[in-house]
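What you are looking at is a predicted structure, and each value in this text was computed from that prediction instead of being measured. Count residues from 1 along the sequence.
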Amino acid sequence: PTRRSSDLWQALVALSEANAKIDAVTVAGWLKSRERLVEVGGTAYLAKVTDSAPVTAHVEAYADRIGELWQRRLMIATRSEEHTSELQSH
């Protein structure tokens with residue numbers, strides 16, 4: 001792993017062990033207090049990383065979306081089977 005990844009991992013582990021909230025602000029604070037924030041790419045990099053990662057706080061929304069897509073897929077499959085049956089009966 002890169003030094004950047006190592007520094008970020010250390011921040012995440014330390015914050016988790018302290019039962020602290022883990023977000024871009026707390027990670028930035030932890031890194032800044034150890035003079036590592038600039039080396040990992042600053043707050044801009046942390047924002048980029050957090051924007052691209054799924055958030056457990058949104059797990060219900062993700063589950064709802066997966067459910068919606070599954071329902072849509074079932075409807076398409078059912079209609080396709082019905083259409084095939086109609087074509088075969090003619």
Arg36 side-chain N/O to Lys32 backbone N/O, donor-acceptor pair under 3.5 Å:
no
Is it true that a side-chain atom of Thr84 and a backbone atom of Ser80 form a donor plus acceptor pair closer than 3.5 Å?
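Yes, because the side chain of Thr84 sits within donor-acceptor range (under 3.5 Å) of the backbone of Ser80.
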Within this structure, what is the [atom1]-[atom2] distance for the pair [X] and [Y], rounded to the nearest 0.5 Å?
X	Y	atom1	atom2	answer
Thr26	Leu15	OG1	CG	5.0 Å
Glu39	Arg3	CD	CZ	7.5 Å
Gln88	His83	CD	NE2	10.5 Å

Are the side chains of Arg72 and Leu69 in touch, meaning some heavy atoms are under 4.5 Å apart?
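In short, these two side chains touch, coming nearer than 4.5 Å.
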Validation row: Trp30, Val25 side chains within 4.5 angstrom (heavy atoms):
no
Show the nearest heavy-atom pair for residues Leu8 and Tyr45, with the distance to one decimal.
CD1-CE2, 3.7 Å
Smallest separation among heavy atoms of Leu31 and Asp7, with atom names:
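Heavy atoms only, the tightest pair is CD2-O, 3.8 Å.
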Would you mind listing every salt bridge (Lys or Arg N to Asp or Glu O under 4.0 Å) that reaches into residues 77-87, with sequence neighbours excluded?
none
Can you tell me if CD on Gln71 sees more than 12 non-hydrogen neighbours from other groups inside 6.0 Å?
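Yes, because the 6.0 Å sphere around CD of Gln71 holds more than 12 heavy atoms from other groups.
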Do Leu46 and Leu12 sit in one hydrophobic cluster, given that two such residues count as connected whenever their side-chain heavy atoms are within less than 4.5 Å of each other, even indirectly?
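Same cluster.
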Applying side-chain contact (heavy atoms from CB on, under 4.5 Å), name anything that partners Val13, two or more places apart in sequence or on another chain.
Trp9, Glu17
